[in-house]
Q: 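Have a look at this one before I ask anything.
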Amino acid sequence: MTDRFYCTTPIYYVNAPPHMGTGYTTIIADALTRFHAMTGKKTRMVTGSDEHSQGIADKAAEAGVTPLQFCDRLIPEFTKAWELLQIGDYGFYRTSSPEHRLTVQTVFQRIFDQGDVYKADYSGWYHTTDNCFVDEADLPEDPESDPRLKFLTEEAYWFRLSKYQDFLLEYHQAHPEAIVPDFRRNEMMNRIKEGLRDLCISRSSTDWGVPIPWDKDHVFYVWADALFTYMTGSGFDVKKAVENLEKGQDPLKDQPEDNFWPCDLHIMAKDIPWFHTVIWPAMLQSAGLPLPKQCLVHGYWNFDGTKMSKSKGNVFHPVDAVALVGADGVRYFVLKEVRVGWDGNFSVKGLAERYNYDLANDFGNLANRLLTMGGRFLKRRIPDTTEFHEAEEELLEIRAEAIHSALHHFPRVEFKEGLEAVWEVVRALNRAIDERKPWEMNKDPERRGELEGFFRASFECFRTILMLLAPVMPGAADALWEQCGLPGKATESDLNSAQERHRGEFLINKPQILFPKLDLADLEAEFVKRKSEMTGETMEATEKKAEAPQSTETASSTIQYDDFTKVKMITAKVLKAEAVEGADKLLRLTLDDGNRQDRTVVSGIRKFYSPEDMNGRMICIVDNLKPRKIFGILSEGMILAAGGDNGQPIVLVTPIAELPPGTRVG
Ligand code: MSP
């Protein structure tokens with residue numbers, strides 16, 4: 001056991017805003033870091049941005065800005081998303097930073113000096129999105145027709161990866177824990193056995209990258225530079241380490257107090273273990289530096305059954321996920337839904353059902369029952385008694401087992417299993433309330449001691465649940481901790497003493513519902529609505545898209561006149577138009593609808609109409625649409641507009657002559 005824990009996420013390509021795939025890796029890293037911090041370790045979590053990719057350079061050129069400016073614009077999208085997902089302390093490292101450049105150049109100079117780098121021509125197809133050279137065997141029949149493939153001929157430097165084949169096999173044989181889960185380890189071992197080819201590590205046709213220290217006409221290939229972020233972020237003094245190596249000394253000698261290298265855990269999905277478990281250790285071995293201890297390879301998250309992809313438009317964003325079930329709900333869902341290593345699937349229905357069953361029903365209901373009854377029957381004071389009935393002794397045993405199990409599973413990144421153990425206590429408590437019927441004990445003054453014992457044992461168990469949930473659901477755990485009147489915070493409690501019981505009474509507070517039950521139909525409608533705001537499409541277009549696969553109606557099908565008359569459309573005058581803060585597509589309009597002069601409608605037209613454009617304008621709205629909350633604002637109706645499909649502009653539908661507000665449109 002060491003007193004430190006250091007883990008990393010991949011550093012993400014900042015060519016588009018983050019989605020729930022990258023969110024997942026980041027949540028695992030955060031929950032683990034929080035867990036270790038709660039066991040008294042000094043922790044560090046590192047994430048960051050991988051900026052020297054060809055894809056970013058191309059996108060920046062398209063946008064008419066420098067790659068650095070392009071990254072500067074996108075990075076806040078990542079940090080905002082991490083805040084929304086309650087990611088705690090982390091270091092964010094950029095590959096464009098001078099400190100990172102120093103790490104890469106120092107270590108590679110050493111690799112070069114060791115004779116593990118040589119120069120040779122490179123000719124071949126380069127994949128600009130995946131950032132790698134494509135093997136002949138993997139090329140499509142007509143590579144020229146794929147705009148992502150570029151044929152490159154350039155002089156390049158190569159790293160002698162092939163030299164490390166035996167070393168890697170022996171290393172992974174001797175360290176079975178270095179790649180988890182096991183099946184990924186086997187996969188990597190088999191690939192290593194097939195033979196390793198040297199790795200091209202430089203580019204000379206671009207200057208977007210870390211310059212090669214011994215040849216200024218070259219920059220490092222993006223993957224040769226990116227992995228060193230883990231070292232930059234660890235606080236490792238590479239200069240000192242290389243100096244030591246040159247003197248034949250231990251590279252870890254005289255490192256700064258807050259150095260976290262070697263890393264405990266690199267976390268990633270199944271797309272990139274080759275870089276982390278083959279290329280990275282070979283480079284470090286060549287330099288003579290210590291290797292990371294473990295790589296965890298998780299699966300992919302799909303959305304509605306297909307892999308999320310920007311081109312397919314089925315990307316699920318943290319902001320949407322959090323709007324549906326809250327940050328605690330999202331974190332719980334991803335960690336509970338799949339065993340780490342397996343693939344998972346997001347759907348609005350799946351998220352809502354998991355939330356409703358586990359959080360609203362089981363957990364939220366339990367909190368509410370305990371706090372309400374404890375407040376009412378014991379006047380908020382849960383005394384420090386140990387007079388337990390047999391049933392309560394059993395509860396405390398279930399608690400002790402759950403602590404044991406969760407403390408075993410969480411550090412092994414087995415969150416699903418750990419959470420299942422915690423839910424044993426949640427269910428046992430709900431069962432105990434049903435069976436022990438505290439409301440009946442409350443009626444009988446002679447059973448006062450029993451009532452107190454029941455609540456004492458129940459709150460002991462509930463407190464334990466909150467401690468164990470704190471790494472996974474920090475917001476909810478802290479809020480309920482406070483409602484239980486406990487000192488400090490759940491997220492700052494000491495998991496080493498989880499088996500110990502709370503000393504003194506609990507002075508509980510009024511319950512506040514944290515997990516209200518969700519109505520699936522409303523939620524799906526809200527999601528479609530949100531999507532339309534995000535994409536700037538009219539709501540009708542998004543709904544049409546969402547419904548298309550299930551719809552039995554054809555585009556030419558008709559509706560009855562009566563159906564049409566159900567929709568009441570009227571004219572309205574815009575009295576005030578304002579931008580909605582934090583939602584760059586939305587305007588908040590205050591309307592005169594002939595009846596009222598304070599009607600609010602929120603609309604996703606801001607990209608095409610500024611607040612000034614809208615002030616004083618006569619527009620048409622759907623009058624009798626059920627009000628819905630959009631970005632926390634109650635929108636009472638919908639404005640009529642045309643377009644918005646496939647990147648078309650949105651154009652308001654307005655009367656061509658001035659009419660009084662409230663005039664029927666039809
Ligand atoms: N920049 C490289 C990593 C360099 S690390 C030194 C890169 N970036 S990436 O932006 O493409 O991120 C890939 C990682 O994002 C995956 O390994 C995984 O952690 C996460 N995910 C991206 N899509 C995902 C899913 N659909 N599902 C799960 N994780 C996903 O590769």
Side-chain angles (χ1 to χ4, degrees), residues 7-30 32 45-57 59 71 74-75 77-78 81-82 85 92-96 100 103-104 127-132 148 184 209-210 220-234 263 265-281 283-284 292 295-312 314-318 321 330 333-335 337-346 413:
C7 78
T8 66
T9 75
I11 49 163
Y12 304 117
Y13 291 130
V14 284
N15 53 3
H19 53 63
M20 272 312 299
T22 41
Y24 176 56
T25 319
T26 314
I27 290 172
I28 298 181
D30 179 59
L32 259 187
M45 168 182 159
V46 161
T47 183
S49 52
D50 194 355
E51 304 185 16
H52 296 130
S53 83
Q54 189 59 44
I56 288 178
K59 277 209 163 182
C71 297
L74 264 161
I75 287 171
E77 301 272 348
F78 282 75
W82 303 158
L85 290 171
F92 191 99
Y93 288 82
R94 300 183 56 168
T95 54
S96 56
H100 177 68
T103 311
V104 178
H127 197 292
T128 54
T129 316
D130 291 351
N131 292 299
C132 60
R148 295 167 307 169
R184 293 284 170 215
V210 173
F220 282 106
Y221 156 57
V222 60
W223 268 106
D225 115 49
L227 290 153
F228 286 94
T229 307
Y230 301 146
M231 205 164 244
T232 316
S234 72
C263 180
L265 185 65
H266 294 317
I267 308 171
M268 74 215 71
K270 59 189 178 185
D271 48 347
I272 50 179
W274 181 254
F275 295 93
H276 286 77
T277 64
V278 176
I279 293 173
W280 182 221
M283 293 196 300
L284 292 171
C295 289
L296 172 85
V297 185
H298 64 69
Y300 276 148
W301 280 89
N302 298 322
F303 187 63
D304 280 342
T306 36
K307 178 160 191 306
M308 282 188 269
S309 109
K310 276 161 257 157
S311 52
K312 277 191 228 147
N314 69 336
V315 173
F316 190 45
H317 291 281
V330 174
F333 178 84
V334 293
L335 296 179
E337 194 68 6
V338 298
R339 193 155 272 136
V340 173
W342 299 28
D343 288 350
N345 184 45
F346 286 115
V413 206

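Note that ligands are numbered from 1 as they come in the structure, with each ligand's atoms numbered from 1 the same way. The structure displayed is predicted, hence computed values, not measured ones.
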Q: Check this for me - ligand 1, Tyr13, N or O atoms closer than 3.5 angstrom, yes or no?
A: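 Yes; the residue has a nitrogen or oxygen that sits under 3.5 Å from a nitrogen or oxygen of the ligand.
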
Q: Distance check, rounded to the nearest 0.5 Å: His298 atom NE2 versus Thr25 atom OG1?
A: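 Result: 3.0 Å between the selected atoms.
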
Q: Distance to 0.1 Å, residue and atom name: give those for the protein heavy atom nearest to atom 3 (C) of ligand 1.
A: Ile11 O, 3.3 Å

Q: Thr26 and Thr9: side-chain donor and acceptor closer than 3.5 Å?
A: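 Looking only at side-chain atoms, Thr9 and Thr26 do not form any donor-acceptor pair under 3.5 Å.
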
Q: Any donor-acceptor pair under 3.5 Å linking the side-chain atoms of Asp225 with those of Thr95?
A: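 Checked: Thr95/Asp225 side chains show no N/O donor-acceptor pair below 3.5 Å.
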
Q: How close do Ile11 and Thr47 get, counting heavy atoms only, and between which atoms?
A: CG2-C, 4.0 Å

Q: Counting only nitrogen or oxygen atoms and a 3.5 angstrom limit, does Leu227 reach ligand 1?
A: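 It does not: no N or O of Leu227 is found under 3.5 Å from an N or O of ligand 1.
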
Q: What protein heavy atom sits nearest atom 12 (O) of ligand 1, and how far away is it?
A: Tyr12 CD2, 3.6 Å

Q: For Thr25, is at least one N or O under 3.5 Å away from an N or O on ligand 1?
A: yes

Q: Less than 3.5 Å between some nitrogen or oxygen of Ile272 and one of ligand 1, yes or no?
A: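 The answer is no, given that Ile272 and ligand 1 share no N or O pair closer than 3.5 Å.
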
Q: Exactly one of Phe275, Phe228, Trp223 should register a ring-ring contact (aromatic ring centres under 6.0 Å, His included) with Trp280. Which one does?
A: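 Testing Trp280 for a ring-ring contact (aromatic ring centres under 6.0 Å, His included) against Phe275, Phe228, Trp223 leaves exactly one candidate, Phe228.
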
Q: Check for me whether Trp223 has a heavy atom closer than 4.0 Å to any atom of ligand 1.
A: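 Contact present.
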
Q: Before accepting this row, confirm whether a basic side-chain N of the pair Asp130/Arg148 lies closer than 4.0 Å to the acidic partner's carboxylate O.
A: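 A salt bridge is absent here (no side-chain N lies under 4.0 Å from a carboxylate O).
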
Q: Is there a side-chain contact between Phe333 and Met20 (heavy atoms, below 4.5 Å)?
A: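 SC-SC contact between Phe333 and Met20 ruled out.
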
Q: Check if His19 has a non-hydrogen atom at a distance under 4.0 Å from any atom of ligand 1.
A: yes

Q: Does any N or O of ligand 1 fall below 3.5 Å from an N or O anywhere on Tyr230, backbone included?
A: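 No: no nitrogen or oxygen of Tyr230 is under 3.5 Å from one in ligand 1.
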
Q: Does the plane of the ring in Trp301 sit parallel, tilted or perpendicular to the ring in Tyr24? Use 30° and 60° as the thresholds.
A: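 Trp301 vs Tyr24 ring planes: perpendicular.
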
Q: Looking at ligand 1, does any of its N/O atoms fall within less than 3.5 Å of an N/O of Trp301?
A: yes

Q: Apply the test ring pair (Phe, Tyr, Trp, His ring centres under 6.0 Å) to residues His19 and Phe346: give CA-CA distance (whole Å), side-chain angles for both, the deciding distance (0.1 Å), then the verdict.
A: CA-CA 12 Å; His19 53 63; Phe346 286 115; 9.4 Å; no

Q: Considering the heavy atoms of His298, write down every atom of ligand 1 situated less than 4.0 Å from one of them.
A: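 This gives 19 (O), 28 (C), 29 (N) as the contact atoms.
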
Q: Is it the side chain (CB and beyond), the backbone, both or neither of Asp271 that lies under 4.0 Å from ligand 1, heavy atoms counted?
A: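 It is the side chain that gets close, since no backbone atom is under 4.0 Å.
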
Q: Can you name the atoms of ligand 1, numbered from 1 with element, that are less than 4.0 Å from a heavy atom of Gly299?
A: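 Listed by number with element: 28 (C).
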
Q: Out of all atoms in ligand 1, which are within 4.0 Å of some heavy atom of Asp50? Include the element for each.
A: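 In order of number, 1 (N), 2 (C), 4 (C).
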
